[in-house]
Colleague: 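I have a structure here, written as structure tokens, and I will follow up with some questions on it.
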Amino acid sequence: MIPLFTAQPSGKNMEDATSSNPQSLGFTDKLKSWLSWSWTYICAVWFAMVLTMIYVLRSPLKLQDTLTSASVFLNTLTPKFYVALTGTSSLISGLILIFEWWYFRKYGTSFIEQVSVSHLRPLLGGVESSTTTGLFSSVNGEAEPRPSVSECKVWRNPLNLFRGAEYSRYTWVTGKEPLTYYDMNLSAQDHQTFFTGDTQQLKLEDTVMQKAWRERNPQARIRAAYQAIEMNHECAAAYVLLAEEEATTITEAERLFKQALRSGKSGKDINLLVYIKRRLAMCARKLGRIKEAVKMMRDLMKEFPLLGMLNIHENLLEALLELQAYADVQAVLAKYDDISLPKSATICYTSALLKARAVSDKFSPEAASRRGLSTAEMNAVEAIHRAVEFNPHVPKYLLEMKSLILPPEHILKRGDSEAVAYAFFHLQHWKRAEGALNLLHCTWEGTFRIIPYPLEKGHLFYPYPGCTETADRELLPSFHEVSVYPKKELPFFILFTAGLCSFTAMLAMLTHQFPELMGVFAKAFFSTLFAPLGFFADKMESFMPSSFWHQLTRI
């Protein structure tokens, strides 16, 4: 995960950086400031000077004769010239459009816009391009690093379902595979590393189980588990595999996990023991014994406090919400919703739910627009904005604007996979809080107005990673439409060049089909274009004495 804060340079280093060449920096800053201040006046002065020079030099340049010659030249042009002109213009604009589109697809921005921002804005007093390459400023002014593809870490889903009792039943009913091969391969790697602590002292049954996790065929995995049990009746990992994949009901899975727990207590594999106890707690939660599940989770967190990376507190939060023990939920959030700890959709949206629940039953958009938001309502709205900024995919699932699927076994934080996993288990808790979904519906889209540029800036969190779409497509099944945020909008220059290309192509086609008629239109257009110059010269001639212009031309 990316740190929320970056180290600031020390005072001495800052003094050294600013005092390295104060004279050159002062002159450069003054020059940029002067250019920025005077730019608004330069255009007007330049335009006036051009008009004055045109009139002053009308005699040496023979402007009137030039206009007459241009008119004669236009009248002598053949239709073939207009066909070639429009065709060439269409070709050039088309090439510009193709290059702009290619650059946008590769780098996510317009080439023309990038050049103007990188090279023209610094000259006009804007931000240097070098300052926006590695760091992006949040709204509160702190520097934040741009997340890279390697930083899109995939996490084990804390509430992942059971393959045999849940995922397989879905496949039997629909004929669709809810898990991708990439997702299952990650689980196989987890099991191999998580359940084998010391690879130097592997027993024969452990070797069989390592091979079993790598098998792609579920029946081959189950056969390997039975083979390991034949070698050692106390092989806890084999019972875990059977509970996960062979058991067709949660009750049967719970029985096998209890057998695995009895076998695992004699061993020294703490990771395997924690995994079994956690799955037993999840079985109790699914079978309706929620208080028992909460006690098991609390005991597990107290017994192994250093295993926070397993995110057992997310299982605990979901179970407490089912009990409607909101005070206990707030106590857990107070411990884990800390600025130094990694965030998740469960943390952010549960915090928003608690604050929304306090005001949502009496919330009315019409009344709020008339009287304004109260302090409690403002806190709820801010919490919703915070949650949506962390994971913008969740609201559409909670508001049932997008259909849910079974969650994957691994999730990408801030991605669509995490949104599916959160909404799958927490939608019922939002529905239970009267008016909470209505408040979410009225306020969640306001988050995007707070973030100036979602692609590169953050408000409360570091910038949204651009690599989530690729990872989510690997984790989620092909029949699911992956939610993409933020969608890349076409820059203005691509739309402009597309319109220019289309317009010139249409002119080229019309000129080719109707050369005589288009030639008449072109001559009329150029005549109208040059007419103001002659009109301006005549008006200036009558306004100013001829002696003044004669003296001015002599100078």
Colleague: Do other residues, nucleotides or ligands put more than 12 heavy atoms under 6.0 Å from R156 CZ?
Modeller: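 Above 12, so yes.
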Colleague: Rounded to the nearest 0.5 Å, how far apart are OG of S483 and CG of D416?
Modeller: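 Here the rounded value is 4.5 Å.
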Colleague: Between W444 and F448, how do the two ring planes meet: parallel, tilted or perpendicular, split at 30° and 60°?
Modeller: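 Geometry flag for F448 against W444: perpendicular rings.
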Colleague: Parallel, tilted or perpendicular for Y422 and Y349, by the 30°/60° rule?
Modeller: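 Y422 vs Y349 ring planes: tilted.
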Colleague: Whether E366 and R371 form a salt bridge (side-chain N of Lys/Arg under 4.0 Å from carboxylate O of Asp/Glu) is what I want to check.
Modeller: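 No.
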Colleague: Quick check with a 6.0 Å cut-off and a 45 degree axis cone: is R216 positioned over the face of Y181's six-membered ring?
Modeller: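 Because its charged atom sits under 6.0 Å from the ring centre and within 45° of the axis, R216 does stack over Y181.
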Colleague: What I want to find out is whether E382 reaches R386 closely enough, with some N-O distance under 4.0 Å, to be called a salt bridge.
Modeller: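 Salt bridge between E382 and R386, a charged N being under 4.0 Å from a carboxylate O: no.
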Colleague: Counting only N and O atoms by type, is there a donor-acceptor contact under 3.5 Å from the side chain of T346 to the main-chain atoms of E314?
Modeller: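 Pair absent, no side-chain N/O of T346 close to backbone of E314.
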Colleague: Between D183 (side chain) and H410 (backbone), is there a donor-acceptor pair under 3.5 Å?
Modeller: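 Such a contact is found between D183 side chain and H410 backbone.
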Colleague: Could you walk me through whether K402 and E481 pass the salt bridge (Lys or Arg N to Asp or Glu O under 4.0 Å) check?
Modeller: CA-CA 9 Å; K402 192 174 181 182; E481 182 183 356; 5.5 Å; no
Colleague: Return yes when atom CD of E434 has more than 12 non-hydrogen atoms of other residues, nucleotides or ligands closer than 6.0 Å, and no otherwise.
Modeller: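 No, the 6.0 Å shell around CD holds no more than 12 heavy atoms from other groups.
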Colleague: Identify, with sequence neighbours excluded, every residue that meets side-chain contact (heavy atoms from CB on, under 4.5 Å) alongside A383.
Modeller: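 Listed in chain order: A352, K355.
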Colleague: Is a side-chain donor or acceptor of N379 paired with a backbone partner of T375 at a separation under 3.5 angstrom?
Modeller: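 Checked: pair present.
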